[in-house]
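In this chain, numbering begins with 1 at the start of the sequence shown. Whatever order the structure lists ligands and atoms in, that order sets their numbers, starting from 1. On a predicted model such as this, the values are computed, not experimentally measured, just so you know.
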Amino acid sequence: MPVYVVGHKSPDTDSVTAAIAYAELMKAKGEDYIPCIQGKPNPETETVLKRFGAAVPESLTDATGKKIALVDHSDLAQAPDNLSQGEVVAIVDHHKIGDVTTNNPIFFWAMPVGCTGTVLKVLYDLEGVAIKPNVAGMMMAAILSDTVNFKSPTCTDADKKAVAELKAISGVTDTDALFMEMLKAKSAVEGVPAMELLDRDYKDFDMKGKKVGVGQLELATLDQVASMRDDLYKAMQEKKAGGRHTVLLMLTDVVKEGTDLMVASDEPALIEGAFNAKLQGNSMWIEGMMSRKKQTIPNLQKAFGL
Ligand code: MG
Ligand code: MG
Ligand code: MG
């Protein structure tokens, strides 16, 4: 019976390329692992897959009756549906440990680094398995994406070391150029429906029984969404109406290194308190905020009393 390797919902480049890279590693060890994706690749991921000649992995959204390896998450809310009707056999991740539980011992490999691609690089080295050049290129692209070209506070020395080594394996000469190519693809917002933009990089979290959703758009400049703010806010309210206490959208200016945080919440004052900022209309600028995982979520958890 094969093991299906899958990243989180609203898949980002790391969750897709990590599924591919981990499946490749296990195949090299003679195991039957199949990379999967929950849903469709985002424009950045499409660019990366095309650039390194990889096919879009097969879709998997329901775990019923399947053996599953989770990459880039361990939260039930982000995992395939009916996970308890399947069997999780491995988790490879770089986030806080989530709420997935298992009945049997599993392979659990997590490190506090900027990207699952970095965790996998360490794992490949440990297993003594050579990384194929195109797989190395995809792992490297994921690290550049997750660490925002090393600018995110989530970036560690291990991520920089992994990129240097993967660069040599992949034969890519200019990682800045690769990052800009990815940023261009990911920040192309014109003509895209607001709900699709909100969903592009979106995660739900449980905050003491309250459902809180956080989306993020990484932009070269906030001007890119200036004319779409009303529509984005409407999409946030629509999502919030689906049983959520709060929906946030991080409009992250990658060049200025800060985030304009759009807020739709039952308790806006709680969100203001979480970030020590004041809403102007339905958003507030937070200098230096780049990372949902390391900045937005921990502040929210504190504010919600977790
Ligand atoms: Mg991810
Ligand atoms: Mg990641
Ligand atoms: Mg990300």
Side-chain angles (χ1 to χ4, degrees), residues 5-23 25 35-49 56-57 60-61 68-80 90-100 108-124 135 137-156 158-160 162-163 166 179 182-183 185-186 198-205 213-218 248-250 252 254 290-298:
V5 189
V6 67
H8 52 76
K9 289 190 161 86
S10 292
D12 59 9
T13 296
D14 188 30
S15 66
V16 178
T17 60
I20 294 171
Y22 187 51
L25 171 64
C36 296
I37 178 171
Q38 293 196 66
K40 282 200 299 190
N42 66 33
E44 181 198 71
T45 308
E46 269 179 353
T47 300
V48 170
L49 293 176
V56 177
L60 182 141
T61 54
I68 302 284
L70 300 176
V71 290
D72 200 33
H73 73 294
S74 65
D75 288 293
L76 280 173
Q78 297 164 24
I91 296 173
V92 179
D93 192 20
H94 70 117
H95 295 86
K96 70 181 175 64
I97 297 175
D99 51 3
V100 169
F108 190 95
W109 187 263
M111 292 170 67
V113 295
C115 181
T116 311
T118 302
V119 178
L120 284 166
K121 173 66 169 66
V122 172
L123 203 49
Y124 265 92
V135 175
M138 288 187 279
M139 290 162 72
M140 184 175 72
I143 300 170
L144 296 174
S145 172
D146 266 11
T147 67
V148 195
N149 205 18
F150 310 127
K151 278 190 197 164
S152 167
T154 59
C155 186
T156 67
D159 298 301
K160 293 176 189 166
V163 166
L166 291 167
F179 177 75
M182 289 159 56
L183 183 61
K186 112 158 74 179
L198 178 57
D199 279 330
R200 194 179 266 178
D201 181 7
Y202 175 90
K203 288 178 184 174
D204 276 319
F205 298 86
V214 185
Q216 182 173 27
L217 288 175
E218 284 162 346
L248 304 178
L249 178 58
M250 298 170 63
T252 301
V254 171
M290 305 278 286
S291 167
R292 172 172 47 203
K293 179 172 61 169
K294 222 161 181 165
Q295 296 166 307
T296 313
I297 299 307

Mind running side-chain hydrogen bond (donor to acceptor under 3.5 Å, both in side chains) on Thr118 and Asp159 for me, showing each step along the way? CA-CA 6 Å; Thr118 302; Asp159 298 301; 2.5 Å; yes

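Side chain of Thr17 to backbone of Thr13: a donor-acceptor contact under 3.5 angstrom is found.
Because the distance cut-off is set at 2.8 Å, His8 qualifies as a neighbour of the Mg ion (ligand 1) through one of its N, O or S atoms. Within the coordination shell of the Mg ion (ligand 1), defined by N, O or S atoms under 2.8 Å, Asp12 is present.
Per residue Asp72, closest N, O or S atom to the Mg ion (ligand 1): atom name OD2. Atom OD2 is the N/O/S atom of Asp146 found closest to the Mg ion (ligand 2).
With sequence neighbours left out, the salt bridge (Lys or Arg N to Asp or Glu O under 4.0 Å) criterion links Lys96 to Asp75.
Residues Tyr202 and Lys9 have side chains not in contact (no heavy-atom distance under 4.5 Å, counting atoms from C-beta outward). The closest side-chain heavy-atom distance from Asp93 to Val119 is not below 4.5 Å.
The Mg ion (ligand 2) forms the vertex of an angle spanning OD2 of Asp14 and NE2 of His94; to the nearest 10 degrees it equals 100°.
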